[in-house]
Amino acid sequence: MEGAGLVGKHILVTGGTGLAGRAIEKVVADGEGQLDEEWIFMFFRDADMMSTTETKALFELCKPTHVIHLAAMVGGLFRNICYNLDFWRRNILINDNVLHSAYETGVQKVVSCLSTCIFPDKMTYPIDESMIHNGPPHSSNFGYSYAKRMIDIQNRGYFEQHGCRFTTVIPTNVFGPHDNFNIEDGHVLPGLIHKVYLAKQTGSALTVWGTSKPRRQFIYSLDLARLFLWVLREYDEVEPIILSVGEEDEVSIREAAEAIVEAMDFRGELVFDTTKADGPFKKTASNAKLRRYLPSFQFTPFRQAVKETCAWFNTNYANARK
């Protein structure tokens with residue numbers, strides 16, 4: 001971790017080793033950073049963000065002017081069901097420490113990352129930014145969901161009392177290099193990539209749970225990273241903004257599986273286990289607000305993004321599968 005010392009923006013990224021953090025690091029390194037920006041990517045070993053003392057010390061050391069806040073306790077469905085209290089307590093501590101340290105040290109802007117899973121369980125679609133607090137989230141992950149929602153509440157409070165420009169983004173299903181490819185505890189697309197890899201190695205069929213008919217909005221992590229940079233530099237609202245492809249770019253689980261099969265050159269049988277539950281058919285999020293700001297933003301075509309992610313996974317299998 002580098003300390004701050006240059007004139008201009010000093011941008012601290014908490015949780016810099018995760019999927020979104022690595023993507024931001026890559027797009028900055030590939031030339032999308034600006035000359036007046038110094039980027040500081042925080043590793044878990046740099047500070048325990050559940051500790052008020054350590055978090056404050058980190059901010060005083062780095063002296064950030066801007067923060068992208070990605071650090072969080074995250075996990076798949078099983079972990080959320082078993083540890084809702086831990087997800088609540090740890091994320092509340094992390095978020096409060098980061099936001100209050102940002103306020104105390106005069107940070108100009110904080111961009112925190114939420115998730116579409118925080119929306120109410122009983123919804124009409126498409127979801128938009130105004131619906132976050134319209135009802136309880138799904139009972140399986142209420143600890144994580146409520147903790148994340150509270151960032152929006154805190155942002156409003158810091159703005160009303162102190163004029164702070166703290167805001168949040170809400171990505172849909174993010175995927176890309178450095179994802180969690182754990183089959184048991186990861187999300188659907190990286191889990192499928194790992195399953196195709198193993199099926200190819202063993203010469204067995206690829207089994208996909210459910211009918212494969214549900215549709216999802218997937219956003220490539222490098223596209224998300226570029227949008228993060230725009231939010232940091234240009235988006236001045238305190239209210240959240242959904243970062244997503246449009247409803248017209250939703251992909252069925254079958255289409256996602258077929259894109260992975262093609263990218264991985266898998267020649268075996270593709271089987272859909274219809275005895276397994278599908279989950280919601282659609283969880284469509286509206287990107288109308290994003291399009292009002294960025295009508296011409298070009299998302300990476302889904303199959304190209306899948307191909308690049310599969311290539312990264314194949315090259316980095318020893319570490320990516322963990």
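Here the structure is a predicted model, which is why all the values come from computation and not from measurement. The analysis underlying the following values was restricted to heavy atoms, covering all of them including side chains, and did not include hydrogens, waters or symmetry mates.
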Student: Parallel, tilted or perpendicular: which describes the rings of H178 and W312, with under 30° parallel and over 60° perpendicular?
Tutor: tilted

Student: Does R233 reach the side chain of K9, with side-chain heavy atoms less than 4.5 Å apart?
Tutor: yes

Student: For F218, run the side chain to side chain contact (heavy atoms under 4.5 Å, CB included) check against N173, D249, T172 and tell me which one passes.
Tutor: N173

Student: Salt-bridged, E32 to R226, with N to O below 4.0 Å?
Tutor: yes

Student: Just how far is it from atom OG of S112 to atom CE of M150, taken to the nearest 0.5 Å?
Tutor: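 Output value for this atom pair is 13.5 Å.
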
Student: Enter the distance from I132:CD1 to I127:CD1 here, rounded to the nearest 0.5 Å.
Tutor: 10.0 Å

Student: Could you check whether atom NZ of K289 has more than 12 heavy atoms from other residues, nucleotides or ligands sitting under 6.0 Å from it?
Tutor: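 Yes, the 6.0 Å shell around NZ holds more than 12 heavy atoms from other groups.
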
Student: Answer yes or no: is there a donor N or O on one side and an acceptor on the other, between the side chain of N95 and the main chain of N91, under 3.5 Å?
Tutor: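 It does hold such a pair.
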
Student: Against Y103, only a single residue in F159, F166, Y158 fulfils ring pair (Phe, Tyr, Trp, His ring centres under 6.0 Å); can you say which?
Tutor: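 So the option named by the test is Y158.
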
Student: Measure from the ring center of Y293 to the ring center of W230 and say whether it is less than 6.0 Å.
Tutor: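 Yes, the ring centres sit under 6.0 Å apart.
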
Student: Rounded at 0.5 Å granularity, tell me how far CD in E25 sits from CZ in F41.
Tutor: 5.0 Å

Student: Verify whether the ring centers belonging to F297 and F299 lie closer than 6.0 Å.
Tutor: yes

Student: Do N97 and S101 pass the side chain to side chain donor-acceptor pair (under 3.5 Å) test, and can you show the C-alpha distance, the side-chain angles, and the key distance before you say yes or no?
Tutor: CA-CA 6 Å; N97 287 334; S101 291; 6.0 Å; no

Student: Do H10 and W39 have ring centres separated by under 6.0 Å?
Tutor: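 Between W39 and H10, which both carry aromatic rings, the centre distance is not below 6.0 Å.
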
Student: Find out whether I11 and L232 are in side-chain contact, i.e. whether some heavy atom of one side chain is under 4.5 Å from a heavy atom of the other.
Tutor: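 Contact flag for I11/L232 side chains = yes.
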
